[in-house]
Amino acid sequence: MTTRVSIQFPEQVSYARPSSASIRDANLYVSGLPKTMTQKELEQLFSQYGRIITSRILVDQVTGVSRGVGFIRFDKRIEAEEAIKGLNGQKPSGATEPITVKFANNPSQKTSQALLSQLYQSPNRRYPGPLHHQAQRFRLDNLLNMAYGVKRFSPITIDGMTSLVGMNIPGHTGTGWCIFVYNLSPDSDESVLWQLFGPFGAVNNVKVIRDFNTNKCKGFGFVTMTNYDEAAMAIASLNGYRLGDRVLQVSFKTNKTHKS
DNA sequence: TCTAATT
């Protein structure tokens, strides 16, 4: 005996607010915020320019500390425009660095763009080495990070063996020695940083900084190493290193801005 | 080109 069940879905479940040019694109991305700034203080700073619909400060998933990046959605686009004029490049009272205020990108749009861009990006074969498949692992992780918006870490596999070196220990994420690498080529990817720094010791994490829209490297990146001695040796060895036709500048990351 | 980050 067979029972057939027919389920009907309503054609429309809910209706959004009528879209209007005046309330569209009123969302701002704010970076360079003092790590101590609270969401309330962020709203107070922006409230002089209009009615705030939502606000957010992004925090490190593990430590809970502010990443210095946030969002403000105004009621009206004109309010957001005025806030950019008034606050972009300005120092909030008590801050030592100016903040950047700009219109936010569309998150779903970014995710699909980045996924496509990475999927169709051919592997970097200019610097072949034993860590290549390790780099591939982390490229996959990068895809998953973007797809799910979550930081993931995996044990490092070298030549089929699982190494405990560099494996992330819960609670120790974010610790280590952050190294600034400057003068990378626009098509650099994470694999070059793994290959450059891996031989000097335990590398926790690498990141190539890319332009949000073009996905091209902006010329610099970061490497986090577990042990000070190994990080110092890597810096001493790689600072001034000629990579292709570029001379790398490698140092511990500082908090200085380019305006000094 | 000299320190990112996009809910």
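In what follows, every chain begins at residue 1, and chains take the letters A, B, ... in the order their sequences are listed.
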The side chain of [X] lies closest to which of these nucleotides: [options]?
X        : options             : result
A:Asn183 : B:dA4, B:dT1, B:dC2 : B:dT1
A:Tyr29  : B:dT3, B:dT6, B:dA4 : B:dT6
A:Phe222 : B:dT1, B:dT3, B:dT6 : B:dT3
A:Arg246 : B:dT6, B:dT3, B:dT1 : B:dT1

Quick check: do [X] and [Y] have side-chain heavy atoms less than 4.5 Å from each other?
X        : Y        : answer
A:Met225 : A:Phe197 : yes
A:Phe103 : A:Arg77  : yes
A:Ile179 : A:Phe222 : no

Whole-Å distance between [N] [atom2] and [X] [atom1]?
X        : N     : atom1 : atom2 : result
A:Ile179 : B:dC2 : CD1   : P     : 21 Å
A:Ile72  : B:dT6 : CD1   : P     : 18 Å
A:Phe220 : B:dT1 : CZ    : C1'   : 9 Å
A:Leu28  : B:dA5 : CG    : C1'   : 16 Å
A:Tyr182 : B:dA4 : OH    : P     : 12 Å
A:Glu97  : B:dA4 : CD    : P     : 10 Å
A:Arg67  : B:dT3 : CZ    : P     : 19 Å
A:Leu33  : B:dT6 : CG    : P     : 14 Å

- Stacking of A:Phe180 on B:dT3 base (centres under 5.5 Å, planes under 30°):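 So yes, this residue stacks on that base, both cut-offs being met.
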- Message: Please tell me whether A:Asn204 and A:Thr226 have a donor and an acceptor in their side chains that are separated by less than 3.5 angstrom.
- Response: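 A donor-acceptor contact under 3.5 Å links the two side chains.
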- Sugar-phosphate, base or nothing in reach of A:Lys216, heavy atoms under 4.0 Å: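 Touches nothing.
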- Would you state whether a donor and an acceptor, one from the side chain of A:Arg56 and one from the base of B:dT6, lie under 3.5 Å apart?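 Between B:dT6 and A:Arg56, which were checked side chain against base, a qualifying N/O pair under 3.5 Å is absent.
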- Taking everything shown except A:Tyr241 itself, do over 12 heavy atoms lie less than 6.0 Å from its OH?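 Not more than 12 within 6.0 Å, no.
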